[in-house]
Amino acid sequence: MGAHANRKATKRIGLMGGTFDPIHHGHLVAAEEARYQFGMEKVIFIPAGIPPHKTRKDISPPHHRLEMTVRAVATNPSFAVSDLEIHREGPSYTIDTVRAMQEMYCGWELFFITGADAVLEILTWKNVNELLQKCCFIAATRPGYRLGSLDRKLGDLPPASVARIKTLEVPALAISSTDIRRRVREGRPIKYLLPKAVEEYIYQHSLYRS
Ligand code: NAP
């Protein structure tokens, strides 16, 4: 028997970070694909309270985004939602979230999953070096995304940090929250772009009308 035969592999957990305004099928497919490809036990969706580069006015109130996220993941037992960032005062710095999750999931390997465009700016994020030591990043890309821009931007990081950033192409990310908000504003359909429960919530609460 090999020396490591009885050693249990470190458990992995995905932290799905985003504004989710609103959450859609692209996000759900990305999370499921990341879970499968990286062997995660589960994925926790963490809607940002106030993303660091946005203001309250840019985005829908946090309780709506949280509720839509809860409804969207309800049918997948491997998915969960955390309201950690929604209830934290001030901007939602990822480092604070990762530190808190590391305490909650002591000994687990953490993966922060988010859009490649957000990861592009990672050099400007708070405590980026500590962040990349504490967790790996999965940058989900839309079809046609040019990975060269990510490689160029990350060129300033040490190679060991760059190795902690993985990319994941997700064709379903052709769906975007921006397009869904625009469609609602223009009275066009959003059916099949997001879960029915989220669609109903948007209409019930008259979100994205103006
Ligand atoms: P964003 O600028 O709204 O989104 C950038 C792009 O990524 C958009 O195309 C977006 O598409 C996509 N995207 C966002 N979240 C995604 C996800 N989980 N999976 C797949 N695609 C996703 O980015 P954001 O939502 O504000 O920020 C993303 C995450 O990074 C948040 O958790 C935020 O708190 C964190 N962040 C941290 C810092 C920091 O710590 N200093 C700074 C910036 C961002 P959709 O519009 O369709 O979602």
Side-chain angles (χ1 to χ4, degrees), residues 14-35 37-38 40 43-60 62 65-66 68-69 72-73 79-101 110-132 134-146 149-150 153 165-184 190 193-195 198 202 207-208:
L15 310 175
M16 182 76 168
T19 309
F20 303 130
D21 194 20
I23 187 163
H24 53 66
H25 279 133
H27 298 129
L28 296 166
V29 171
E32 183 64 6
E33 190 59 24
R35 190 188 69 76
Q37 284 201 22
F38 291 87
M40 299 164 189
V43 177
I44 304 179
F45 286 67
I46 311 174
I50 310 170
H53 56 298
K54 293 180 181 165
T55 66
R56 264 177 221 281
K57 280 194 210 140
D58 296 337
I59 51 176
S60 302
R65 294 183 288 107
L66 178 65
M68 289 190 281
T69 308
V73 309
F79 287 174
V81 181
S82 166
D83 60 4
L84 192 86
E85 292 195 356
I86 296 279
H87 291 132
R88 201 166 58 213
E89 290 288 310
S92 300
Y93 292 117
T94 300
I95 186 65
D96 299 331
T97 305
V98 166
R99 284 179 188 147
M101 285 294 173
L110 305 183
F111 288 77
F112 192 85
I113 311 159
T114 195
D117 283 341
V119 177
L120 258 185
E121 302 301 324
I122 201 167
L123 286 169
T124 66
W125 291 19
K126 191 176 164 196
N127 297 31
V128 61
N129 291 322
E130 182 190 342
L131 198 53
L132 286 165
K134 290 194 183 318
C135 74
C136 281
F137 273 72
I138 299 177
T141 63
R142 298 202 141 91
Y145 187 88
R146 293 221 204 102
S149 49
L150 193 59
K153 273 262 174 119
I165 303 175
K166 326 279 181 195
T167 54
L168 181 71
E169 198 186 295
V170 183
L173 279 174
I175 302 171
S176 85
S177 301
T178 308
D179 177 55
I180 291 172
R181 293 194 301 272
R182 191 185 307 124
R183 283 172 165 273
V184 175
I190 55 171
L193 298 175
L194 33 58
V198 178
I202 289 172
L207 301 182
Y208 314 126

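We count ligands from 1, going down the list as the structure has it; atoms in each ligand are counted the same way.
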Should one rank Y93, F20, W125 by closest heavy-atom distance to atom 43 (C) of ligand 1, which comes out on top? W125
At less than 4.0 angstrom from any non-hydrogen atom of H24, what atoms of ligand 1 do you find? 47 (O)
May I ask you to identify the nearest protein heavy atom to atom 25 (O) of ligand 1, giving residue, atom name and distance to one decimal place in Å? T19 OG1, 2.7 Å
Give the numbers and elements of all ligand 1 atoms closer than 4.0 Å to a heavy atom of D117. 5 (C), 6 (C)
Relative to atom 14 (C) of ligand 1, which among T114, I59, V29 owns the nearest non-hydrogen atom? T114
min-distance protein heavy atom vs atom 37 (C) of ligand 1 -> T94 OG1, 3.1 Å
Run down the list R181, R142, H53 and name the one with the heavy atom closest to atom 11 (O) of ligand 1. R142
Does ligand 1 have an atom under 4.0 Å from some heavy atom of F112? yes
Heavy-atom distance from atom 4 (O) of ligand 1 to the protein below 4.0 Å? no
Separation of D96 CG from N127 CG (nearest 0.5 Å): 8.0 Å
Aromatic plane relationship, F137 with W125 - under 30° parallel, 30 to 60° tilted, over 60° perpendicular: perpendicular
At a 4.0 Å cut-off, with the gap strictly under it, does some heavy atom of A30 reach an atom of ligand 1? no
Do any side-chain atoms of residues 110-121 form donor-acceptor pairs under 3.5 angstrom with protein atoms, and if so which ones, sequence neighbours left out?
from : atom 1 : to   : atom 2 : distance (Å)
T114 : OG1    : G17  : O      : 2.8
E121 : OE2    : K153 : NZ     : 3.2

To the nearest 0.1 Å, how far is atom 1 (P) of ligand 1 from its closest protein heavy atom, and which atom is that? K54 NZ, 3.7 Å
Numbering as shown, the atoms of ligand 1 that approach K126 to under 4.0 Å (heavy-atom distance): 41 (N)
Nearest neighbour of atom 22 (C) of ligand 1 from the list S177, A118, G115, on a heavy-atom basis: G115
Any heavy atom of I113 under 4.0 Å from ligand 1? The part involved is backbone
Gap separating the OG1 atom of T124 from the NE2 atom of H53, nearest 0.5 angstrom: 9.0 Å
Whether the side chain of R142 engages the backbone of L173 through a donor-acceptor N/O pair (distance < 3.5 Å, no angle test) should be reported. yes
When rounded to the nearest 0.5 angstrom, what is the spacing between OG1 in T19 and CG in D58? 9.5 Å
Atoms of ligand 1 under 4.0 Å from any heavy atom of S92, numbered from 1 in the order shown, are 34 (O)
What residue and atom, counting heavy atoms only, is the protein's closest point to atom 19 (N) of ligand 1, and at what distance? M16 CE, 3.3 Å
N/O separation below 3.5 Å, G17 to ligand 1: yes
I want to confirm something. Looking only at heavy atoms, which of A140, G14, G18, A48 is nearest to atom 32 (O) of ligand 1? G18
Shortest non-hydrogen contact between L28 and F45, atoms and distance: CD2-CZ, 4.0 Å
Indicate yes or no: does an N/O atom of T178 lie under 3.5 Å from an N/O atom of ligand 1? no
Is R35 reaching over with its side chain to a backbone N or O of F79, donor-acceptor style, under 3.5 angstrom? no
Numbering the atoms of ligand 1 from 1, which are under 4.0 Å from a heavy atom of S176? 47 (O)
When rounded to the nearest 0.5 Å, the distance separating CG of D21 from OG1 of T178 is 9.0 Å
The reported gap from CG in L15 to CD1 in I138 (rounded to nearest 0.5 angstrom) is 10.0 Å
Consider ligand 1: state whether an atom of it lies below 4.0 angstrom from any non-hydrogen atom of E121. no
Separation between OG1 of T141 and CG of L150, rounded to the nearest 0.5 Å: 9.0 Å
Between S82 and L84 (side chain of the first, backbone of the second, donor and acceptor by atom type, cut-off under 3.5 Å), is there such a pair? yes
Any pair with a residue in residues 167-184 that passes salt bridge (Lys or Arg N to Asp or Glu O under 4.0 Å), sequence neighbours left out, goes on the list, sorted by first then second residue, please. D179-R182, D179-R183
Can you pull out the closest protein heavy atom to atom 48 (O) of ligand 1? Residue, atom name and distance to 0.1 Å, please. H27 NE2, 2.7 Å
